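I have placed the structure first, in the form of structure tokens, so that the comments after it can refer back to it.
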Amino acid sequence: MKIELKSRYKMFGGSQEVYKHESQVNNAPMAFAVYLPPQIKDKKLPVLYWLSGLTCTEENFVIKAGAQRMAAELGIVIVTMDTSARDTGIKGEDDHYAFGSGAGFYVNATVDKWSKHYNMYDYVSKELPKIIQTNFNVNQNKSIIGHSMGGHGALIIALTNPKQYKSVSAFSPIVAPTQASWGQVIFKGYLGEDKSTWLAYDTCELIKTAKEKLPLLVDVGSDDEYLQDQLKPELLQKACEENNHPLNLRMQAGYDHSYYFIATFIDEHLQYHAEYLNS
């Protein structure tokens, strides 16, 4: 698959790059960013996939998280992607920040209106890894991480593809979207009225049936404005306790939902993933 370079900047001895390509699963142009550490000139490196939250593009994490310095030190490629297809011509795709453009929610839509262009689950778990593997000097080891909607995406993709990822972590994830208003609106719009189909994209539900116990590292700020209504980390803790699933849930005092929170703890997450990726 042909990819088109949009930008390239030298950074910490490596290269921060952004590419555009035609997505087969989304039937639309998509963009992704990749940080290539300096070591990639001499050997194949592992990959960490970052999934962003509502309204974000492939560039939010790149600009705000400050992850490249540690990635260069550890020798980890970081790939981020846009959160949905855009400018598809679907009526209403830009009407609300929490649905449509910028809000793919990492599901494969089944409602006809959206199913042609909104297949972010397949894009992240299948199409994009093939593109990265084909075009860059990377090895087979990969892990996944995300924030908010992207934290939800990272958890469900890892839990449903446990052999594909060495490790998974999340910042402020939506862990029970079937019980949160964001998730309910989005699932109804993309998946339809049958709520049984929603369960395949709910972390707490997936924990109940997970055959492999992939450890979860989750950071949530105690002052997150979405803590009670949307994130509900206590439901994840309960699901993991009841199903003997390994979880390190860290409630970080005084932190909110912003990238200031992510930038504070991103190095710890990169070091966590490096232990698995380089093992």
Side-chain angles (χ1 to χ4, degrees), residues 3 5-19 31-53 55-83 124 128-129 131-133 135-148 150-151 153-154 158 165-173 215-221 224 248 250 252-279:
I3 61 174
L5 179 67
K6 294 177 63 180
S7 65
R8 176 184 286 140
Y9 299 98
K10 187 170 183 179
M11 194 175 191
F12 296 109
S15 182
Q16 180 63 64
E17 303 176 359
V18 177
Y19 290 85
F32 67 88
V34 57
Y35 177 69
L36 304 172
Q39 300 93 322
I40 203 162
K41 299 174 184 177
D42 302 315
K43 63 179 181 179
K44 293 182 180 294
L45 297 180
V47 184
L48 179 63
Y49 289 86
W50 170 273
L51 280 57
S52 292
T55 75
C56 290
T57 71
E58 71 282 356
E59 292 188 323
N60 291 72
F61 178 83
V62 169
I63 295 169
K64 297 179 179 180
Q68 292 93 338
R69 181 189 61 80
M70 182 58 69
E73 183 177 319
L74 296 171
I76 296 175
V77 173
I78 300 180
V79 174
T80 73
M81 72 293 303
D82 204 348
T83 46
V124 173
L128 187 55
I131 292 172
I132 299 301
Q133 197 75 39
N135 290 279
F136 301 96
N137 192 29
V138 300
N139 60 38
Q140 296 292 329
N141 291 351
K142 55 181 176 288
S143 294
I144 192 165
I145 179 175
H147 170 237
S148 193
Y165 299 97
K166 293 288 187 179
S167 53
V168 58
S169 71
F171 288 89
S172 317
L216 311 180
L217 170 62
V218 175
D219 275 346
V220 181
D224 193 307
N248 183 7
R250 309 191 305 184
Q252 303 290 4
Y255 288 92
D256 62 8
H257 200 73
S258 71
Y259 265 88
Y260 297 109
F261 171 43
I262 295 169
T264 301
F265 296 101
I266 190 61
D267 282 2
E268 293 182 18
H269 281 247
L270 291 175
Q271 290 164 343
Y272 172 81
H273 289 293
E275 292 183 8
Y276 290 91
L277 288 169
N278 295 321
S279 63

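Every value quoted in this text rests on a predicted model; they were computed, and no experiment measured them.
The aromatic rings of Phe32 and Tyr19 sit parallel to each other, their planes meeting at less than 30°, with 60° as the upper class boundary. Classification of the Trp50-Phe171 ring pair by plane angle, with boundaries at 30° and 60°, yields tilted.
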(request) Check the pair Glu59 / Lys6 against salt bridge (charged side-chain N to carboxylate O under 4.0 Å, His left out), numbers first and verdict last. (result) CA-CA 12 Å; Glu59 292 188 323; Lys6 294 177 63 180; over 6 Å; no
(message) His147 vs His257, test: side chain to side chain contact (heavy atoms under 4.5 Å, CB included). Steps then yes/no.
(response) CA-CA 9 Å; His147 170 237; His257 200 73; 3.7 Å; yes
(message) Under the criterion side chain to side chain contact (heavy atoms under 4.5 Å, CB included), I'd like the reasoning laid out for Phe265 against Arg250: C-alpha separation, chi angles, the key distance, then a yes or no.
(response) CA-CA 11 Å; Phe265 296 101; Arg250 309 191 305 184; 4.3 Å; yes
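When each of Val34, Ile145, Val62, Leu270 is checked for a side chain to side chain contact (heavy atoms under 4.5 Å, CB included) with Ile78, only Leu270 meets the rule.
When all heavy atoms of Gly66 and Asp267 are compared, the pair lying nearest together is O-OD1, 4.4 Å. Scanning both residues, Ser7 and Tyr9, for their nearest heavy atoms gives CB-CE1, 3.8 Å. Counting all heavy atoms, side chain and backbone alike, Ser258 lies closest to Asp256 at OG-OD1, 2.7 Å. Here the shortest heavy-atom pairing between Ile262 and Ala65 reads CG2-CB, 4.2 Å. Summarising the geometry of Gly151 relative to Ala170, their closest heavy-atom pair is CA-CB, 3.9 Å, with the distance given to 0.1 Å. Nearest approach of Tyr35 to Pro37, heavy atoms of both residues: O-CD, 3.5 Å.
Separating the CD1 atom in Ile76 from the CG atom in Leu36 is a distance of 13.5 Å, to the nearest 0.5 Å. Note that CZ of Arg69 is 11.5 Å distant from CD1 of Ile266, once rounded to the nearest 0.5 Å. Taken from OG in Ser167 to NE2 in His273, the straight-line distance is 4.5 Å, to the nearest 0.5 Å. Of the inter-residue distances, the one linking Asn137 atom CG with Asp42 atom CG reads 9.0 Å to the nearest 0.5 angstrom. If you take CG on Asp224 and OG on Ser148, they are separated by 7.5 Å, rounding to the nearest 0.5 Å. The structure places OH of Tyr272 at 8.5 Å from OG of Ser143, a figure rounded to the nearest 0.5 Å.
Between Tyr259 and Ser52 there is a side-chain heavy-atom pair separated by less than 4.5 Å. Put simply, the side chain of Tyr49 reaches to within 4.5 Å of the side chain of Leu128, judged on heavy atoms. The shortest side-chain heavy-atom distance between Asn248 and Pro215 does not fall under the 4.5 Å cut-off. The shortest distance between side-chain heavy atoms of Leu74 and Leu277 does not fall below 4.5 Å.
A donor-acceptor pair under 3.5 Å is formed between the side chain of Thr80 and the backbone N or O of Glu58.
Checked by atom type, the side-chain pair His269/Asp219 shows a donor-acceptor distance below 3.5 Å.
Gln133 CD: more than 12 foreign heavy atoms inside a 6.0 Å radius.
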